[in-house]
Amino acid sequence: MYSQALNTEEASSDISPDADRFQACIDDEQRIEPNDWMPDAYRRTLIRQISQHAHSEVVGMLPEGNWITRAPSLRRKAALLAKVQDEGGHGLYLYSAAETLGVSREDLQDQLLSGRAKYSSIFNYPTLSWADIGTIGWLVDGAAIMNQIPLCRCSYGPYARAMIRVCREESFHQRQGYEIMLTLCQGTTEQKAMAQDALNRWWWPCLMMFGPPDTDSQHSDTSMRWKIKRFTNDALRQKFVDATVPQGHFLGLNFPDPDLRLDDASGHWQFGAIDWAEFRAVLAGNGPCNRERLEARRKAHADGAWVREAALAYAAKQRIAA
Ligand code: FAQ
């Protein structure tokens with residue numbers, strides 16, 4: 001789709017008539033397309049965010065992939081297989097969107113496999129029981145939707161368009177997760193305890209998914225001026241808590257937060273302090289599963305070498321035939 005040559009040569013300063021026109025387009029809600037002029041910093045911010053997002057989708061296949069062979073029924077297995085496959089697809093759309101900014105997929109792969117690239121903190125936690133699969137769908141996909149619906153209106157066209165399909169699929173993922181939780185919570189005492197234990201372990205890491213508090217977020221101000229982000233990290237986290245707490249109460253579950261309470265005046269659920277030291281430790285590579293996840297990605301990449309070689313050999317043969 002984006003195979004035409006891209007203008008990635010930049011002579012740009014962010015203070016120029018071009019920069020003024022660019023900001024005017026953004027303020028006017030027009031989309032920026034790959035060959036439009038853009039400030040270097042806008043391009044770099046998008047490459048950073050889109051590639052981190054793509055890596056997150058790809059690494060995000062691993063915690064749930066663990067449970068495909070252990071799904072409790074054929075129906076559950078088929079749904080989980082489809083979900084994990086969707087996540088691989090989301091990674092591919094997002095890598096394609098990043099490529100429109102002039103970065104190569106090989107470089108992005110290399111950054112992930114060498115451990116230099118970031119991916120979402122949430123995927124460094126283990127999946128210990130089947131209820132974790134329900135909780136990931138309900139909470140992790142729920143948080144992803146809250147963050148990604150506004151990205152459908154991102155100023156950069158290819159990212160915004162990719163997010164439309166991603167969000168539709170995430171919505172199915174969230175429903176299948178909530179339905180697993182509903183089944184467990186209406187089941188035996190042991191099943192309900194399993195659901196509660198999963199919520200206890202995943203709740204706080206899910207709140208961290210939205211990123212550091214606004215006071216510490218380095219990129220939010222600029223990204224909002226450029227309409228890459230439409231809401232701050234704290235605003236989206238609050239929207240997620242407000243939407244999710246009633247869903248948990250409907251399941252008959254308790255949130256692992258003694259400070260959680262509904263503020264009648266504002267209508268918002270107030271929540272306790274997030275352990276940002278844990279978040280920083282996970283980002284520094286010291287979460288419960290960071291090493292395991294990277295090892296699994298490296299192994300998958302090495303195991304797939306024959307596919308890449310076969311594709312290259314086939315392409316070379318096609319070129320000779322043409
Ligand atoms: N984990 O200045 P900010 C999914 C980093 S997809 C790791 O606030 P920004 C689907 C941030 O990169 C989940 N790092 O940054 C699925 C920056 O570091 P840098 C992924 C984090 O970009 C479901 C630094 O902290 N979603 O779940 C995290 O304005 C189920 C300062 O932060 C996306 O990527 C974090 N949680 O806002 C798949 C959505 N948070 O680059 C499988 C798109 C922050 O300076 C199963 N991304 N950092 O070294 C975004 O919306 C934004 O990039 C934020 C961060 C909101 C994540």
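Hydrogens, waters and symmetry mates are skipped; everything else that's a heavy atom, side chains included, is used. When a ligand or atom number is given, it counts from 1 through the structure's own listing order.
At a threshold of 4.5 Å between non-hydrogen side-chain atoms, the residues D257 and W204 count as touching.
Counting heavy atoms of neighbouring residues, nucleotides and ligands inside a 6.0 Å radius, atom CG of N286 exceeds 12 of them.
Clustering of Ile, Leu, Val, Met, Phe, Trp and Tyr side chains at separations under 4.5 Å leaves F172 isolated, with no partner residue.
Salt bridge status for R116 with D110: present, with a side-chain N to carboxylate O gap under 4.0 Å.
Closer than 4.0 angstrom to ligand 1 lie heavy atoms from R48, Q49, Q52, H53, S56, E57, G60, E64, K83, E87, K118, Y119, S120, S121, F123, V140, D141, A144, N147, Q148, L151, Y159, E170, M208, M209, F210, G211, P212, S217, Q218, H219, K229, N233, F279, L283.
Nearest heavy atom pair, residue G187 against residue Q191, reads CA-OE1, 3.2 Å.
Once rounded to the nearest 0.5 Å, the distance linking CH2 of W269 with CD of Q238 reads 11.0 Å.
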